[in-house]
Amino acid sequence: MSVKRILTGIRPTGALHLGHYIGALKTWVELQKNYECFFLIADVQALTTHVDQPELIEESVREVLLDFIGVGLDPTRENVHFVLQSGVPELTELTTYFSMLTPFSEVERNPTVKAERSQLRSNPTAGFMIYPVSQAADILLFTPYPPKEGDQLLVPVGEDQVPHLEQTNRIAKVFNRRYGKVFLECTAKVGQVGRLVGTDGGTKMSKSLGNVISLKDNSKIVENAVKKMFTDPTKIHRRDSGHPEDCPVYLYHQSFGDPKMLGERAERCKSGDLGCVECKKDLIRTLNSFLEPIRERREKAKKAPLREYLNQGTEKAREIGKITMEAVRKAMHLNYPSIN
Ligand code: TRP
């Protein structure tokens, strides 16, 4: 039987928000029905930017677990595993080997690393610069081994992660060519709406930009955030003709509203029949009814055995990791059979 496996991950640097949902979580919830899933809480990768805030990472690991369950990921299914990155030493070992196979020039060229580097408040650490190599290890440790015809290693992510998946497959190719085939190349699956604009209309919803609505935000916080949202700057009065495709509020309706009502909303905005105040009221209602079941599941999850979910998932990851690492060491001649 062929292996259908998913590995994907998220950094625990705060509670998750609507951007995470649209870019990633929404797809993950669907895929858990048909795949063996490993959802990695990348606490080691979080250190690349938050090494000075261990308390924040600690708290965020719990928040992310609650958010995962809140959106409907289900760790009580036997095919769904929540994995703590720092609990899998095989990842660290594989990262070291992969770092030898990666030209530093490739690391420097990575557009996502470049963009993130320009936002750092301090000099990038060595660990920051090579985090795509460790991300390649995160992914390829889960290679079905030995890889068979029809096996899949799928990585569902937001579009900013695509350069990392290309890097991952370059490493897989180089390794396989040099040492013999151990790794299956991964397949990217990018969410339909790769990312959600921020409440300020900026290109990306991101905690550091202060333009987020979190999955755990209560209805009052959501209301205030939407009220403050930017709209089409050329539509000042209700009667003015608006440009919905340039309006963040409309983009949110597109992501969270009833698709059947979208055409009418756009028409009414353009014709001047729908004002921004009313349109925002609709969005507040839509977002709160979307978030309510998430908040409820999240609340309930506070009493669930989170530690056990994490331990079980991490243990399962190690089982697979040990198989992969044995193959890796053998392929790289690091097991020295001739020495007794
Ligand atoms: N880079 C991802 C983020 O910023 C997190 C991540 C770590 C990841 N390891 C991964 C994503 C492996 C996909 C696959 O959130």
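Numbering of ligands and ligand atoms starts at 1, following listing order. These values consider heavy atoms only, across backbone and side chains, with no hydrogens, waters or symmetry-generated copies.
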*Nearest protein heavy-atom contact for atom 7 (C) of ligand 1: which residue, which atom, what distance?*
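Nearest neighbour among protein heavy atoms for atom 7 (C) of ligand 1, to 0.1 Å: Gln45 NE2, 3.3 Å.
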Would you mind running through ligand 1 and noting each atom that sits below 4.0 Å from a heavy atom of [X]?
X: Thr8; value: 13 (C), 14 (C)
X: Gly9; value: 5 (C), 6 (C), 8 (C), 11 (C), 13 (C), 14 (C)
X: Ile139; value: 12 (C), 14 (C)
X: Leu7; value: 12 (C), 14 (C)
X: Ala42; value: 7 (C)
X: Gln161; value: 1 (N), 2 (C), 3 (C), 4 (O)
X: Val157; value: 13 (C)

*asked:* If I apply the N/O under 3.5 Å rule, does Asp138 come out as touching ligand 1?
replied: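 Yes.
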_Residue pair Ser86 / Asp43, side-chain donor-acceptor N/O under 3.5 Å_ =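 Side-chain D/A pair, Ser86 to Asp43: present.
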*Would you kindly specify which portion of Gln85 sits under 4.0 Å from ligand 1, judged on non-hydrogen atoms: side chain, backbone, both or neither?*
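No part of Gln85 comes within reach of ligand 1.
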*Part of Arg11 within contact of ligand 1 (heavy atoms, under 4.0 Å)*: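 Both parts.
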*Spell out, as yes or no, whether a donor-acceptor pair under 3.5 Å connects the side chain of Asp67 to the backbone of Leu16.*
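Confirmed, Asp67 side chain pairs with Leu16 backbone.
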*Are Phe142 and Phe183 near enough that their ring centres are under 6.0 Å apart?*
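Ring-ring flag for Phe142/Phe183: false, centres at least 6.0 Å apart.
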_Centroid-centroid under 6.0 Å between Tyr131 and His164 rings_ =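 Between His164 and Tyr131, which both carry aromatic rings, the centre distance is below 6.0 Å.
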*May I ask you to say whether Lys302 pairs ionically with Glu299, meaning some side-chain N is under 4.0 Å from a carboxylate O?*
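Counted as a salt bridge, because a side-chain N and a carboxylate O are separated by less than 4.0 Å.
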*Do any pairs count as a salt bridge (Lys or Arg N to Asp or Glu O under 4.0 Å) and have a residue in residues 109-122, sequence neighbours left out, and if so which ones?*
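Counting only pairs at least two positions apart or across chains, the salt bridge (Lys or Arg N to Asp or Glu O under 4.0 Å) contacts touching residues 109-122 are Arg11-Glu116.
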*All pairs passing ring-ring contact (aromatic ring centres under 6.0 Å, His included) where residues 251-286 contributes a residue, at least two apart*: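 The answer is Phe256-Phe290.
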*Cluster question for you: counting only ILVMFWY and a side-chain heavy-atom cut-off of under 4.5 Å, with indirect links fine, are Ile69 and Trp28 together?*
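Looking at the clustering, Trp28 is in the same group as Ile69.
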